[in-house]
Amino acid sequence: MVFRKLPAVSATGMGLRLSQKFVFLLFLSGLVTLCFGALFFLPDSVRLKRMFLSKSESPAVTVGSDNDARDVSKNAPADPERPRASLKVEANKLKVSRKPSVTHDARTVERSVGSRTQEDRSPARIKMDLGDELTARNDKATSSSRNGASAKGSDYEMFRKCLLKPSLGTDRGKPSDAQTVQRRDKVREMMKFAWDNYRQYAWGKNELRPLTRNGHIGNMFGGLRGATIVDSLDTLYIMGLTEDYREAKEWVINNLDLNSNGEASLFEVNIRYVGGLLSAYYLTGEEVFKQKVLELGEKLLPAFSTPTGIPRGVINLGSSGTSWSWGWASAGSSILAEFGTLHLEFLHLTELSGNPVFTEKVMNIRKLLDKIEKPHGLYPNFLSPVSGNWVQHHVSLGGLGDSFYEYLIKSYLMSDRTDQEAKRMYYSALEAIEANLVQKSPGGLTYVAEWRGGILDHKMGHLACFSGGMVGIGADDGAPEKRQHYLDLAAEITHTCHESYSRSATKLGPEAFRFDGGAEATGTRLSDRYYILRPEVIESYMYMWRLTHDPKYRQWGWEAVEALEKHCRVDGGFSGIRDVYASTVSHDNMQQSFFLSETLKYLYLLFSDDDLLPLDDWVFNTEAHPLPVIHKSCLQEHGTTHNIDRTHPE
Ligand code: DMJ
C-alpha cells in the first residue's frame with residue numbers, strides 16, 4: 001500500500017504533520033485526475049470508458065462520396081475503432097425529462113373528418129374487427145407476465161375506441177370479386193413462400209440469401225438481428241398468417257436482444273425496428289412490442305447529442321451511445337432523408353411512454369429546418385449537425401431526400417389534421433418542387449428531376465416513385481383550387497413510374513431512369529439497371545387505387561406480381577436482379593426485408609377492400625408499417641392521451 005512506503009507515515013495516517021498531509025493529498029488528487037483524464041484517450045469500446053464517461057461524445061468523420069442513403073450497408077463504417085477525424089465532447093447533454101406531458105395544444109383544431117359520422121365510433125362498430133385482436137389480447141396477459149411487462153390495458157383499449165373504423169375491416173378486407181380474391185391469395189402465397197424460406201434458411205439473421213440459402217447480417221442494424229422478422233410482423237398479421245405471426249412474436253419475446261454494441265443506421269433501425277414494433281403493438285395490443293420499442297427508443301436518443309440536435313447517421317447502440325456521420329456523407333454532414341424520417345415513430349414513442357423527450361427531439365429538427373434559409377424554397381440533402389447549415393446544394397425526391405417530404409404530409413395526417421406547421425411546410429416544399437424539379441419529357445411523361453446547385457439532372461430514381469402516392473394522399477388537403485391538380489400530378493408521376501417498368505424486358509423497373517440523350521424513362525447506365533425488390537412504384541399504385549378506384553392500378557400491380565414471379569422467384573425465396581433489361585436474369589442473392597414489409601404488403605392492400613387499414617385511421621411509415629392517427633380530441637375526452645404541446649419546444 002502507498003501509505004506504508006512513505007517514510008514516517010503510519011498506516012492510519014495518524015501522526016502526520018500538516019504540511020505532510022497537504023503534500024499527500026495533493027499527490028492523491030493529482031493521481032485521480034490523471035487516471036480520469038487518461039480515460040478520454042482510451043478507445044470507445046473499452047468498458048472502463050463506457051462506465052465513466054457520458055454518452056455525448058460524437059466523433060465526426062468527414063468527407064465521402066455522394067451515395068444512396070438507403071443502400072447504406074456497403075457504406076457503413078467498417079471499423080468502430082478506426083481513427084476519427086475529430087473528437088468532440090458535445091455541449092448538448094442528453095436530457096431525459098420525465099415530466100408528465102399533459103399540456104394541451106392550444107391551437108384551434110379544425111377537424112376534418114370527411115364523411116365520418118358519430119356512428120362510426122360506436123362501441124358496436126369497433127367491436128367488429130376484434131376477432132383476432134381479442135384472441136391476441138388474451139394472449140397478452142400471458143406474454144406480459146412472462147416478460148414482466150406491466151400491462152396498461154386501459155390505454156390500449158382507449159386507443160382502440162378512438163379509432164373511427166375497425167382496423168381489419170368487416171372481413172379482413174376481402175374483395176368482392178373473384179378475380180381480385182384470386183390475385184390477393186396469390187400475393188399471400190408469395191408472402192408465405194418468402195417467409196418460409198427465410199424461416200428455413202436464415203431464421204434469426206437479418207435477411208435471406210435465397211440462392212446460397214443462408215442468412216445475411218450486414219452492418220446496417222448494429223448488433224440487432226431478425227430484421228426480416230420484425231419487418232414482417234404486421235404483414236403476417238394483416239394477411240392472417242396466424243401461426244407464422246405467432247412464431248415471429250415468440251422470437252421477439254425470446255430472442256430480440258436490444259443490448260447490441262454495434263454501429264447501426266439510426267434511420268434504418270427507426271423505420272424497420274421501431275416502426276415494425278410500434279405497428280405490431282398497435283395492431284395486436286401485445287405488451288411485449290411496446291416494452292421492446294420503448295427500450296429501443298431510449299437507445300436512439302444519444303444520437304441527438306450534437307450542437308444542433310440534428311442527429312448523426314450512425315449510432316452505437318451499446319452503452320457508449322457514440323454517433324458518427326457516414327464516412328461518405330459530405331463533410332461530416334447528416335442526411336435529410338435520415339434525420340427527417342423520425343417524426344412519426346418518435347411521436348408515437350411519446351404517446352406510448354408519456355415521455356415528451358422523443359417529440360422534443362423531432363420538433364427541434366423541424367424547427368431548424370423551418371427556420372433555415374432554403375435555396376428556391378428547396379431542402380438540400382446534406383446538413384451539418386454542428387453548424388446547422390446546408391453542406392451542398394443537391395436536392396432530390398429520390399434517395400437522400402425522399403422520405404423527409406413524405407413525413408411532412410404524413411405528420412399532418414397522423415395528427416388528425418391538426419399539425420398546421422407540418423401542413424404549411426409540406427405544401428410550400430411541394431410548391432418549390434413543382435417550380436424547380438417537375439418536368440415534362442418530349443414524349444409527354446411527367447417526372448421529378450434532381451437539382452444540383454441550380455442545374456437539373458434529368459434522372460428519376462426508383463425511390464422517387466413513392467412521390468406519386470405522396471402527392472396523392474396530400475391532394476385533398478391542399479388549397480381548394482389545387483386539389484384536382486395535385487391528384488392529376490400524382491397520377492402522372494405514377495404513370496411515368498409504370499412506364500419505367502413496362503419499357504424493360506422483365507417488366508420490372510430500374511434503380512434509376514433518365515430523360516436525356518434520347519432516353520425516356522429508361523435506365524441508360526449499367527449501374528442503374530438493377531432492381532432489388534423495391535416497393536415504391538407499387539406503393540403509389542396502392543394509394544392511387546384507394547384514391548381513384550381506377551382499375552388500371554390493380555392491373556399494373558398484377559403485372560408486377562407476374563414479373564416478380566417470373567424473374568425474382570427462385571427455389572430459395574425471392575431475389576433482386578442485376579439488369580431489368582436483360583431477358584436472361586442474373587440474381588443478386590438477396591431477399592430484402594422491405595420486400596416482406598412493403599412490396600408484398602402494398603400489393604396485398606391493393607387487392608383488398610379499402611376497409612383493411614382505412615386511411616383515415618392509419619398512416620404508413622416509410623417502411624409500410626401502419627401507425628394510427630392520433631385522434632387527439634377523442635383521446636383527450638377520455639383523459640388517456642399523452643399529448644404534449646407539439647409546437648416548438650423552447
Ligand atoms: C425502404 O427501406 C424504405 O421504403 C425507405 O424509405 C426507402 N427504401 C427502402 C425500400 O426501397
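Indexing begins at 1, ligand by ligand and atom by atom, following the structure's order.
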Closest heavy-atom contact between Phe620 and Glu406?
O-OE2, 4.2 Å
Any non-hydrogen atom of His462 lying under 4.0 Å from ligand 1?
no
May I ask you to check whether Tyr447 and His458 show a side-chain donor-acceptor distance below 3.5 Å?
yes
Under 4.0 Å, counting heavy atoms only: does Glu536 come that close to any atom of ligand 1?
yes
Any N/O of Arg534 closer than 3.5 Å to an N/O of ligand 1?
yes
Looking only at the side chains, is there a donor atom on one of Glu207 and Thr228 sitting less than 3.5 Å from an acceptor on the other?
no
Would you mind listing which atoms of ligand 1 come within a distance below 4.0 Å of any non-hydrogen atom of Leu463?
7 (C), 8 (N), 11 (O)
Side chain, backbone, both or neither: the part of Thr341 lying under 4.0 Å from ligand 1 by heavy atom
neither
Between the side chains of Tyr501 and His462, is a donor N or O closer than 3.5 angstrom to an acceptor N or O?
yes
Show me which atoms of ligand 1 lie under 4.0 Å from any heavy atom of Arg272.
2 (O)
Is there a polar contact between ligand 1 and Thr622, counting only N or O atoms under 3.5 Å apart?
yes
Can you confirm if the NZ or CZ of Arg188 lies within 45° of the ring axis of Tyr604 and under 6.0 Å from the centre of its six-membered ring?
no
Is it the side chain (CB and beyond), the backbone, both or neither of Glu598 that lies under 4.0 Å from ligand 1, heavy atoms counted?
side chain
Going by the order shown, which atoms of ligand 1 are within less than 4.0 Å of some heavy atom of Glu623?
1 (C), 2 (O), 3 (C)
Modelled atom types, side-chain donor and acceptor of Ser608 and Arg184, under 3.5 Å
yes
Given that the side chain starts at C-beta and the backbone is N, CA, C, O, which of these parts of Ile532 lies under 4.0 Å from ligand 1, counting heavy atoms, or is it both or neither?
neither
So, applying side-chain hydrogen bond (donor to acceptor under 3.5 Å, both in side chains) with Glu511, which one of Arg534, Arg529, Arg525 is it?
Arg534
